[in-house]
Amino acid sequence: MNQTEQKKFFSQHLLEWYMHNKRDLPWRRHRNPYYIWVSEIMLQQTRVDTVIPYFHRFIERFPTVEDLADAPEQDVLKCWEGLGYYSRARNLQTAAKQVKEHHGGQVPDDKQSVFALKGVGPYTAGAVLSIAFNKPEPAVDGNVMRVLSRYFLIEEDIMKGSTRSFMEGLVVELIPEGRASDFNQALMELGALVCTPKSPHCLTCPVMEHCSARLEGVEESLPVKTKAKPPRPEFRVVALVEGSGEHAGKVLIRQRPQEGLLARMWELPHVQVPQSRSGRLPDEPAMDILAGALLEEGITARPTGYMMDAEHTFSHIHWNLQVYSCREEELTLAAETKAVYTLEHEVEDAEPIHRWICEEDMARYAFPNVFLKIIREYFNGKQTAG
DNA sequence: AATACGGGGAG
DNA sequence: CTCCCAGTATT
């Protein structure tokens with residue numbers, strides 16, 4: 001069998017398989033370009049099972065492009081809370097404003113306009129154009145590269161841009177006339193259900209008999225991919241400040257900076273500490289550093305004791321968190337402490353925004369998972385103790 | 001071309 | 001535990 005025949009076989013049998021085996025997914029129930037766009041953004045780096053409940057909540061809260069464009073950013077982040085890569089949510093709303101402004105609220109169907117949307121790159125542009133509008137554009141994600149690298153025995157590193165470009169050209173050749181939507185989804189569906197990263201289910205694969213990697217017995221060692229650097233460790237000391245007086249029963253949170261990691265989300269006040277040789281810092285110096293950091297931030301509270309440890313791994317950083325209970329100082333004492341402190345130190349500019357919140361208020365602020373876990377633990381403990 | 005940017009699932 | 005997943009923006 002020559003290569004042309006191998007390609008034809010692949011396209012025909014894969015498409016046939018998909019039409020009988022495709023999953024019933026929420027964004028497949030209508031051909032609504034907005035639904036497809038939202039789902040594709042959510043599905044970046046994220047599994048289908050994780051996305052489904054978020055997708056339902058998101059569409060219920062923001063049924064149309066215009067609803068999303070007009071919403072407060074904090075509402076959008078709250079809806080994305082726990083899903084990760086929050087720049088996707090911020091960019092999606094920016095793009096919704098672009099669509100409202102320049103395309104009358106209708107998702108554009110030309111390559112130039114779709115690609116110009118914030119957060120839409122080569123993959124997502126191809127996915128929206130093909131899935132929503134049946135345009136013969138490639139949508140090459142990790143699933144597609146895995147399937148193609150095996151079937152055609154492509155041993156180039158898939159992390160290289162040149163490899164992805166090659167795959168895009170290949171997909172354009174493979175798309176059956178007029179079937180871009182189903183074919184691109186078929187490619188990804190095969191990668192998700194059959195041609196899996198580890199122990200692929202070759203015996204149920206519709207194109208196994210002409211799969212080059214399978215015929216060579218090397219399907220498990222493809223695709224070739226350089227592995228990522230391990231995340232660097234960081235140690236941080238965190239304050240769970242319990243309010244006094246008018247803030248009784250509340251805890252103190254602050255908003256993260258406008259840019260960078262977890263931008264504009266909310267968190268517990270904390271400070272990074274140098275990594276000691278033994279790893280974690282003993283309680284005494286940790287609480288001392290924390291006390292100074294709180295004062296520096298204009299918070300009149302003092303650490304009272306150890307509460308818990310928490311860990312969180314981002315793709316590039318590993319956080320080791322030591323959480324300490326702290327107590328807000330009474331007003332008169334606080335004023336005195338603050339007065340003495342400001343006499344001895346330069347006053348900080350650009351202080352972060354702080355809020356005192358009770359358990360119910362958590363529904364109105366978007367937190368990264370690790371702080372959600374700590375704050376919930378605190379309120380649960382309160383409930384049990386009280 | 002290299003780095004920043006979250007969070008889950010499988011074994 | 002360890003390993004895997006892998007799009008877009010920025011520089």
Side-chain angles (χ1 to χ4, degrees), chain A residues 37-54 77-95 98 114-129 131 137-149 156-165 167-168 184 187-188 191-193 195-201 220-234 256-267 310-321 366-373:
Chain A
W37 175 30
V38 169
S39 73
E40 288 301 336
I41 299 295
M42 287 187 170
L43 287 165
Q44 291 169 7
Q45 327 284 339
T46 313
R47 310 172 121 76
V48 165
D49 290 343
T50 306
V51 164
I52 288 173
Y54 281 91
L77 285 175
K78 187 66 190 176
C79 228
W80 211 271
E81 182 185 74
L83 199 54
Y85 283 120
Y86 300 97
S87 64
R88 292 184 298 172
R90 299 189 302 266
N91 290 339
L92 182 58
Q93 189 183 26
T94 301
Q98 290 177 270
V114 173
F115 199 79
L117 298 175
K118 196 88 169 143
V120 174
Y123 164 72
T124 308
V128 170
L129 290 164
I131 298 174
E137 295 290 333
V140 176
D141 70 350
N143 287 311
V144 173
M145 288 197 282
R146 186 169 58 253
V147 169
L148 296 181
S149 70
E156 304 298 314
D157 185 342
I158 64 166
M159 296 307 277
K160 287 165 57 181
S162 58
T163 307
R164 202 206 62 214
S165 297
M167 301 256 187
E168 285 172 349
N184 276 346
L187 222 32
M188 293 187 270
L193 299 179
C195 197
T196 47
K198 279 178 292 188
S199 15
H201 310 120
E220 295 250 30
S221 55
L222 287 174
V224 173
K225 191 180 158 199
T226 58
K227 40 183 181 285
K229 289 193 310 187
R232 65 173 186 273
E234 280 186 8
R256 291 186 58 84
Q258 293 297 302
E259 306 294 332
L261 182 69
L262 303 167
R264 306 197 280 280
M265 307 240 334
W266 293 78
E267 64 180 5
E311 285 186 45
H312 192 71
T313 307
F314 303 91
S315 27
H316 57 309
I317 307 171
H318 181 87
W319 274 0
N320 296 278
L321 303 182
F367 299 93
N369 267 354
V370 63
F371 292 110
L372 220 44
K373 193 170 62 183

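Just so it is clear: chains get the letters A, B, ... in the order the sequence lines come, proteins before strands, and each one is counted from 1. The basis for the numbers below is simple: all heavy atoms, side chains too, and nothing from hydrogens, waters or symmetry mates. These numbers were taken from a predicted model, which means no experiment stands behind them.
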- Answer with base, sugar-phosphate or nothing: what part of the nucleic acid does A:Gly260 contact at a heavy-atom distance below 4.0 Å? sugar-phosphate
- Backbone N/O of A:Lys198 and side chain of A:Glu220: donor-acceptor pair under 3.5 Å: no
- Message: Need one value for A:Arg146: base, sugar-phosphate or nothing, where a base atom within 4.0 Å counts as base even if backbone is also close, heavy atoms only.
- Response: sugar-phosphate
- Query: Under 3.5 Å, is there a donor-acceptor pair between the side chain of A:Arg88 and the main chain of A:Gly119?
  - Reply: no
- From CG of A:Asn369 across to C1' of B:dG7 the rounded distance in Å is 7 Å
- Item | Between B:dC5 (P) and A:His318 (NE2): distance, integer Å | 17 Å
- Message: Here's a test of your reading of the structure: between A:Glu311 and A:Met145, which maps to the more 5' nucleotide of DNA chain C?
- Response: A:Glu311
- Does A:Trp37 reach the side chain of A:Val120, with side-chain heavy atoms less than 4.5 Å apart? yes
- Item | Protein-nucleotide distance (A:Lys160, atom NZ; C:dA6, atom C1'), rounded to Å | 17 Å
- Task: Could you tell me whether the side chain of A:Arg264 and the main chain of A:Gln258 form a donor-acceptor pair under 3.5 Å?
- Result: yes
- Query: So which of residues 226-233 of chain A are in contact with DNA chain C, with a heavy-atom cut-off of under 4.0 Å?
  - Reply: A:Ala228
- For A:Asp141, answer base if it contacts any base atom (sugar-phosphate contacts may also be present), sugar-phosphate if it contacts only those atoms, and nothing otherwise; contact means non-hydrogen atoms under 4.0 Å. sugar-phosphate
- Using atom C1' of each nucleotide, how far apart are B:dA2 and C:dA6 to the nearest Å? 15 Å
- Query: Looking only at N and O atoms, is any donor in the side chain of A:Thr50 or the base of B:dG7 less than 3.5 Å from an acceptor on the other one?
  - Reply: no
- Message: Looking at B:dA4, I'd like to know if its phosphate oxygens (OP1 or OP2) sit under 4.0 Å from a side-chain N or O belonging to A:His316.
- Response: no
- Message: Taking the minimum atom-to-atom distance to the side chain of A:Asn143, which one of B:dG9, C:dA6, B:dG6 wins?
- Response: C:dA6
- Task: May I ask you to verify if any side-chain N or O of A:His312 is less than 4.0 angstrom from the OP1 or OP2 atom of B:dG6?
- Result: no
- Given atom CD of A:Glu81 and atom P of B:dG8, what is their separation to the nearest angstrom? 11 Å
- Item | Flag if over 12 foreign heavy atoms under 6.0 Å of CD, A:Glu168 | yes
- Message: Would you compute the distance between atom CG of A:Leu43 and atom CD1 of A:Ile52 and round it to the nearest 0.5 angstrom?
- Response: 9.0 Å
- Message: Judged by each residue's nearest nucleotide on DNA chain B, which is more toward the 5′ side, A:Tyr85 or A:Ser162?
- Response: A:Ser162
- Message: When you measure only distances, ignoring hydrogens and angles, does the side chain of A:Gln45 come within 3.5 Å of the base of B:dG6 through a donor and an acceptor?
- Response: no
- Task: Check the distance between C:dC5's C1' and A:Leu193's CG and give it to me in whole angstrom.
- Result: 16 Å
- A:Tyr86 vs B:dG7: side-chain N/O to OP1/OP2 distance below 4.0 Å: yes
- Measure the distance from CE on A:Met42 to C1' on B:dG7 and round it to the nearest whole Å. 14 Å
Pairwise N/O distances under 3.5 Å, protein to nucleotides 8-11 of chain C:
{"residue": "C:dT8", "atom": "OP1", "partner": "A:Gly121", "partner atom": "N", "Å": "2.8"}
{"residue": "C:dT8", "atom": "OP1", "partner": "A:Gly121", "partner atom": "O", "Å": "3.3"}
{"residue": "C:dT8", "atom": "OP1", "partner": "A:Thr124", "partner atom": "N", "Å": "2.9"}
{"residue": "C:dT8", "atom": "OP1", "partner": "A:Thr124", "partner atom": "OG1", "Å": "2.7"}
{"residue": "C:dT8", "atom": "OP2", "partner": "A:Pro122", "partner atom": "N", "Å": "3.3"}
{"residue": "C:dT8", "atom": "OP2", "partner": "A:Tyr123", "partner atom": "N", "Å": "3.1"}
{"residue": "C:dA9", "atom": "OP1", "partner": "A:Gly119", "partner atom": "N", "Å": "2.5"}
{"residue": "C:dT10", "atom": "OP1", "partner": "A:Lys118", "partner atom": "NZ", "Å": "3.4"}

- Item | Exam field: side chain A:His201 to backbone A:Thr196, donor-acceptor pair closer than 3.5 Å | no
- Item | Distance in angstrom units between A:Leu261 CG and B:dT3 P, rounded | 17 Å
- For nucleotides C:dT10 and B:dG7, find the distance between their C1' atoms and express it as a whole number of Å. 22 Å
- Message: So A:Leu43, base contact, sugar-phosphate only, or nothing? Heavy-atom distance under 4.0 Å.
- Response: nothing
- Please state the P separation for the pair C:dT8 and B:dG9 - nearest whole angstrom. 23 Å
- 5'-most contact on DNA chain B: A:Ser199 or A:Ala263, nearest heavy atom basis? A:Ala263
- Message: Tell me the interatomic distance from A:Arg88, atom CZ, to B:dC5, atom C1', rounded to whole angstroms.
- Response: 10 Å
- Quick one: does A:Arg146's side chain have a donor or acceptor within less than 3.5 Å of a partner on A:Gly191's backbone? yes
- Query: Sub-3.5 Å donor-acceptor pair from the side chain of A:Thr94 to the main-chain atoms of A:Arg90, do we have one?
  - Reply: yes
- Gap in Å between the two P atoms, one belonging to B:dG6 and one to C:dT2, rounded: 23 Å
- Measure the CG-OG1 distance between A:Leu92 and A:Thr124 for me, rounded to the nearest 0.5 Å. 10.5 Å
- Message: Can you pull out every salt bridge (charged side-chain N to carboxylate O under 4.0 Å, His left out) where at least one residue sits in residues 40-51 of chain A? Sequence neighbours excluded, please.
- Response: none
